[in-house]
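These figures come from a predicted structure and were not determined experimentally.
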Amino acid sequence: MLEGINKVGDLEWEVPIGYVPNMRVPGRFFLSPSLGETLEEGAIRQLANVATLPGIVKHSLAMPDIHWGYGFPIGGVAAFDMTEGVISPGGVGFDINCGVRLITTPLTEADLSGKKRELIESLFAAVPTGVGAKSTLRVSNKELSDIMVDGARWAVERGLGTSADLARCEEEGAMPGAQPETVSAKARQRGVPQIGTLGAGNHFLEVQVAREIVNPEVAKAFGISEGQVCFMVHCGSRGLGHQVATDHIRVLEGALSKYGIQLPDRQLACAPIDSPEGRAYYGAMVCAANYAWANRQVIMHEARKVFSQLFGIDYDEMRLIYDVAHNVAKFERHDVDGASMEVCVHRKGATRAFGPGAAGIPREYAAIGQPVIIPGSMGTSSYLLRGTSTAMEKTFGSTCHGAGRVLSRSKAKKEVRGRELREQLAGEGIVVRAHSDAALAEEAPEVYKPSGEVVRVVHEAGLSDIVVRLEPLGVIKG
DNA sequence: ATGTTC
């Protein structure tokens with residue numbers, strides 16, 4: 001492990017005050033020795049830098065998928081006092097409300113035999129993918145405002161889903177507090193043609209099978225059983241969210257001196273939560289988050305139609321288990337030093353993992369804790385877990401979000417050949433469809449930390465419980 | 001992640 005870091009538990013480490021100047025609280029992160037081998041010193045310094053921000057509460061935190069990001073580390077969690085604290089786009093990420101949803105089907109693997117290629121090709125035809133992908137939907141500028149306020153509900157009201165879907169989304173698919181007037185014309189321009197599109201990079205729509213039921217009782221409550229075919233949607237707010245982040249980072253950088261905020265890194269640009277600039281970022285961030293929920297809802301709808309047509313199953317037989325955000329800032333109540341207080345929790349590449357009885361999780365899951373969905377990298381397992389009371393105590397109800405990159409995109413392109421990768425996955429029975437083989441190289445399994453190990457750490461550390469392991473059968477990518 | 005360095 002790095003010098004100056006203290007072990008405080010089997011899988012828990014502390015970055016003490018003083019690791020960088022002006023830290024207000026210690027840093028804490030969760031990691032196994034094997035994951036420690038790929039730990040970047042720069043990411044730990046970022047974790048420590050976050051601890052210098054005004055109003056930070058308890059600890060600057062990171063999950064075992066920690067890696068170097070813009071200002072804040074990816075895999076980072078930080079909570080701020082509502083009066084003294086700040087809000088920062090770097091603590092959310094550029095892809096606002098990047099997230100994941102998991103849907104069950106009534107099919108088994110055998111039902112797919114001989115039809116898997118056709119299924120993947122049909123999904124690829126139905127869901128626009130890739131950088132700059134354009135929607136088949138036509139929405140007006142007025143409708144975009146509705147999307148930014150109503151989120152997934154906008155899609156359901158248009159017939160693209162059911163009201164039961166909404167109950168199974170974090171925030172029921174729309175956070176309150178959207179302020180469309182804080183979203184620039186440029187961001188709107190990027191958002192209008194992209195609703196219902198998957199995007200690129202690690203985003204995907206994957207057909208999976210529930211291979212291993214680790215916790216049968218909870219799996220039953222979540223409505224998933226061994227051998228069941230499922231599909232998973234992983235995407236975010238596309239160009240709109242990216243533009244919102246870009247626009248507001250510029251504004252917040254310009255306001256730092258006004259609020260007397262001194263930063264160790266300009267990428268931590270922030271403003272007091274209750275300031276005009278802070279409120280404007282929050283209002284715009286909510287718009288982008290709601291756009292992302294609408295986006296995943298539309299994509300799920302299109303995929304349901306494909307399954308329906310190909311296998312003759314009813315739309316309603318494909319049940320959304322849950323939809324989680326992993327790049328967002330939220331106002332939540334948490335116990336801090338024995339007292340309940342409202343804080344602004346930033347999760348950047350981290351998933352909410354509220355335990356049994358926590359406010360804000362669907363009633364049907366209240367007694368068992370919320371579903372947590374962790375996507376794997378291409379060709380590797382994904383996981384369904386549940387939130388825990390330990391997460392509530394230690395990480396403001398948060399856990400990891402996925403694998404975490406270990407090789408840059410440019411290095412990956414040099415070291416991996418996309419065509420060989422596609423053929424190798426085909427040999428394992430996994431059908432991959434993308435616009436080009438070149439795009440696949442950047443997302444090869446070996447450029448990510450092993451997701452199974454990341455998930456094992458959060459499970460062992462008690463931040464969430466593994467319920468089901470899912471294996472890929474086929475995937476569409478940008 | 002991203003009209004992949006406005």
Can I get a per-line list of side-chain donor-acceptor pairs under 3.5 Å for residues 371-378 of chain A, giving both atom names and the distance, sequence neighbours left out?
| from | atom 1 | to | atom 2 | distance (Å) |
| --- | --- | --- | --- | --- |
| A:S377 | OG | A:T380 | OG1 | 3.3 |

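- Across the protein-nucleic acid pair, A:L198 atom CG and B:dT4 atom C1' stand 16 Å apart, rounded to whole Å.
- Per the geometry, OH belonging to A:Y70 stands 14 Å off C1' belonging to B:dT5, to the nearest Å.
- Atoms CG (A:L240) and P (B:dT2) sit 12 Å apart, rounded to a whole Å.
- For the OP1/OP2 pair of B:dT4 and a distance below 4.0 Å, the side-chain nitrogens and oxygens of A:R409 include no atom meeting the criterion.
- Contact annotation for A:K413: no contact, since no heavy-atom pair falls under 4.0 Å across all strands.
- In this structure, A:E453 does not pair ionically with A:K449, as no charged nitrogen and carboxylate oxygen lie closer than 4.0 Å.
- Heavy atoms of A:A200 sit under 4.0 angstrom from primed sugar atoms or phosphate atoms, though from no base atom.
- Remark: A:Y70 engages no residue in a side chain to side chain donor-acceptor pair (under 3.5 Å) (not counting sequence neighbours).
- Within 4.0 Å of A:Q189, counting heavy atoms only, lies no atom of the nucleic acid at all.
- With respect to the salt-bridge test (charged N to carboxylate O, under 4.0 angstrom), the residues A:K330 and A:E170 qualify.
- Among the atoms of the strands shown, only primed sugar atoms or phosphate atoms (P, OP1, OP2) are found under 4.0 Å from some heavy atom of A:E443.
- Between A:D247 atom CG and B:dC6 atom C1' there is a gap of 12 Å when expressed in whole angstrom units.
- Atom pair A:I249:CD1 and B:dT2:P shows a separation of 15 Å (rounding to whole Å applied).
- In summary, A:K411 and A:E415 do not engage in a salt bridge, as defined by a charged side-chain N under 4.0 Å from a carboxylate O.
- Side-chain N/O atoms of A:S184 and A:D247 include a donor and acceptor closer than 3.5 Å.
- Partners of A:K414 according to the salt bridge (Lys or Arg N to Asp or Glu O under 4.0 Å) rule, which considers only residues two or more places apart in sequence or in another chain, do not exist here.
- Between A:F124 and A:H435, the ring center distance clears the sub-6.0 Å criterion.
- Within residues 285-293 of chain A, no residue places a heavy atom under 4.0 Å from DNA chain B.
- Going from atom NE2 of A:H248 over to atom P of B:dT2 covers 19 Å, rounded to whole Å.
- Under the salt bridge (Lys or Arg N to Asp or Glu O under 4.0 Å) criterion, A:E172 pairs with no residue, sequence neighbours left out.
- Donor-acceptor pairing under 3.5 Å is lacking for the side chains of A:T104 and A:R319.
- If you find the closest nucleotide of DNA chain B to A:T246 and to A:Q243, the one lying nearer the 5' end belongs to A:Q243.
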Secondary-structure string, 5' to 3', Watson-Crick or G-U under 3.5 Å, | for another-strand partners, for DNA chain B: ......
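- With rounding to whole Å, A:R250 atom CZ is found 12 Å from B:dC6 atom P.
- A:K411 places its NZ atom 18 Å from the C1' atom of B:dT4, with the value rounded to the nearest Å.
- Residue contacts for A:G201: at a heavy-atom cut-off of 4.0 Å it reaches the sugar-phosphate backbone alone, with no base atom in range.
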